[in-house]
Amino acid sequence: MTTMDDVSRPSRVAGTDEGISPEELRLAARNHGIPLEALRYDVTPAGLHYLLIHYDIPDLDPAVHALTVDGAVGRPLRLGLAELRERPRVTHRVTLECAGNGRALLHPRPVSQPWLVEAVGNAEWTGTPLAPLLREAGIAPDAVDVVFTGADHGVERGVEQDYQRALPVADALRDEVLLAYEMNGAPLLPQHGAPLRLIVPGWYGMAHVKWLRTISVLTREFDGYQNAVAYRLRRDADDPGVPVTRIEPRALVRPPGFPDFMSRARVLRPGPCTVDGRAWSGHGPVVAVEVTTDGGASWSPATLDPPAGGGWSWRRWRYEWTPQPGRYALGARATDASGRTQPVEQPWNRGGFANNLVQRVDVLVVAE
Ligand SMILES: Nc1nc2c(c(=O)[nH]1)N[C@H]1C(S)=C(S)[C@@H](COP(=O)(O)O)O[C@H]1N2
Ligand SMILES: [Mo]
């Protein structure tokens, strides 16, 4: 008998010397990262924002698309896009990062979308706040989880499913959670969830359900695949693990100079140079960034630009550097208001989530 297991791969960690497979390459060609030079923009242009799609982009018609709110509510709702657009309208600038960012740099490497460090973007999301809608629907006092279902469908490790993620009710009711229909002032693009998606500022990407069609309130904990199986920090396959939630602090360097085509190593002329980048955290604002030019042996403080765009947006940092000819390994390390910072040892887990190990940018400073 043929079953879905014949096409669907189990979760796996690569062998010691195993390179990226054609299957991982195919995922990487669909799901692109931000080009690191685009860290120059405070608001990431939509086409340069990273992208992650588990299955296919669904074929949705905004003219007929409707959002259903059901489950443990007094008054189930059904709203079209026009009705959602008539509701109170807010815009939040939000840094979105995939929980798998950094995965392909882990040793051993969990086999999945092979991100290096580029699965991030900072966009302006416009929509209507979720909490008033849940209150209008009469959310039950004993509600536990709120489940968000996308219109995309697939199979993952043998489990056929719609893409679904739940939030604990207290998180779903936070003021900043949005039902978004615009990105950077334009209607959502198909790949970013058109015509409607969830935005959960501060949380890793998997919570921001795209192509949103149903919101269901549960009086028990949701046990769907993306919450109970996929997005958990586990030491090994038998470990029940803990859920992946908020974004760990990270700083990225906008690579200075110009790149070599194949190695992407940077070439720079000697003399004064402003090294800059962006830093963010979902656990509180970034309060400090330090820079290394020697692969982490020594650190110097960077200057933080004043916060721009509200508390959910990344922050620019800069560092004045006057290198002599030679080889350098640049990196930056963010610390947030909760005291979290970036590790110097990789934070390994079986899914390859939340790896916020300090980035390494190799720079060759050449004599004039
Ligand atoms: N319906 C649906 N929503 C989804 C996904 C998906 O595959 N299907 N991917 C999630 C993941 S893992 C991430 S990181 C973000 C990526 O959002 P972006 O592609 O707009 O950057 O969308 C999330 N929302
Ligand atoms: Mo993701």
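Note that ligands are numbered from 1 as they come in the structure, with each ligand's atoms numbered from 1 the same way.
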Report task. Flag Y50 as yes when one of its N or O atoms lies below 3.5 Å from any N or O atom of ligand 1, and as no otherwise. Result -> yes
Query raised in the report: Nearest protein heavy atom to atom 8 (N) of ligand 1, by residue and atom, and its distance?
Result: D152 OD2, 2.6 Å
Query - Whether R165 side chain and V209 backbone form a donor-acceptor pair below 3.5 Å - result: no
Requested in this report: Could you tell me whether E24 and R103 make a salt bridge, using a distance below 4.0 angstrom between a side-chain N and a carboxylate O?
Outcome: no
Query raised in the report: What do you reckon, does H54 have a nitrogen or oxygen under 3.5 Å from a nitrogen or oxygen of ligand 1?
Result: yes
Requested in this report: Please verify whether a non-hydrogen atom of Y231 lies at under 4.0 Å from ligand 1.
Outcome: yes
Query raised in the report: Should you measure from each heavy atom of I53, which atoms of ligand 1 turn up under 4.0 Å away?
Result: 7 (O)
Query raised in the report: Hey, is R165 touching ligand 1 through its side chain, its backbone, both or neither, going by heavy atoms under 4.0 Å?
Result: neither
Requested in this report: Could you tell me if any non-hydrogen atom of E97 lies under 4.0 Å from any atom of ligand 1?
Outcome: no
Report task. Kindly say whether P240 contributes a backbone atom to a donor-acceptor pair with the side chain of R232 at under 3.5 angstrom? Result -> yes
**Report entry** Any N or O of L52 closer than 3.5 Å to N or O of ligand 1
**Finding:** yes
Query raised in the report: Which residue holds the protein heavy atom closest to atom 23 (C) of ligand 1, what is that atom called, and what is the gap in Å?
Result: G205 O, 3.2 Å
Query raised in the report: Backbone or side chain, does any N or O of H208 fall under 3.5 Å from an N or O of ligand 1?
Result: yes
Query raised in the report: How far is atom 3 (N) of ligand 1 from its nearest protein heavy atom, and which residue and atom is that?
Result: K210 N, 2.9 Å
Query raised in the report: Pick from M183, E182, H92, R85: which one makes a side-chain contact (heavy atoms from CB on, under 4.5 Å) with T126?
Result: E182
Query raised in the report: Which word best sums up how the rings of H54 and Y231 line up, parallel for under 30°, tilted for 30 to 60°, or perpendicular for over 60°?
Result: tilted
Query - Salt-bridge contact D42-R278 (side-chain N to carboxylate O under 4.0 Å) - result: yes
Report summary line: Per-atom filter on ligand 1: closer than 4.0 angstrom to a heavy atom of C98 are 14 (S)
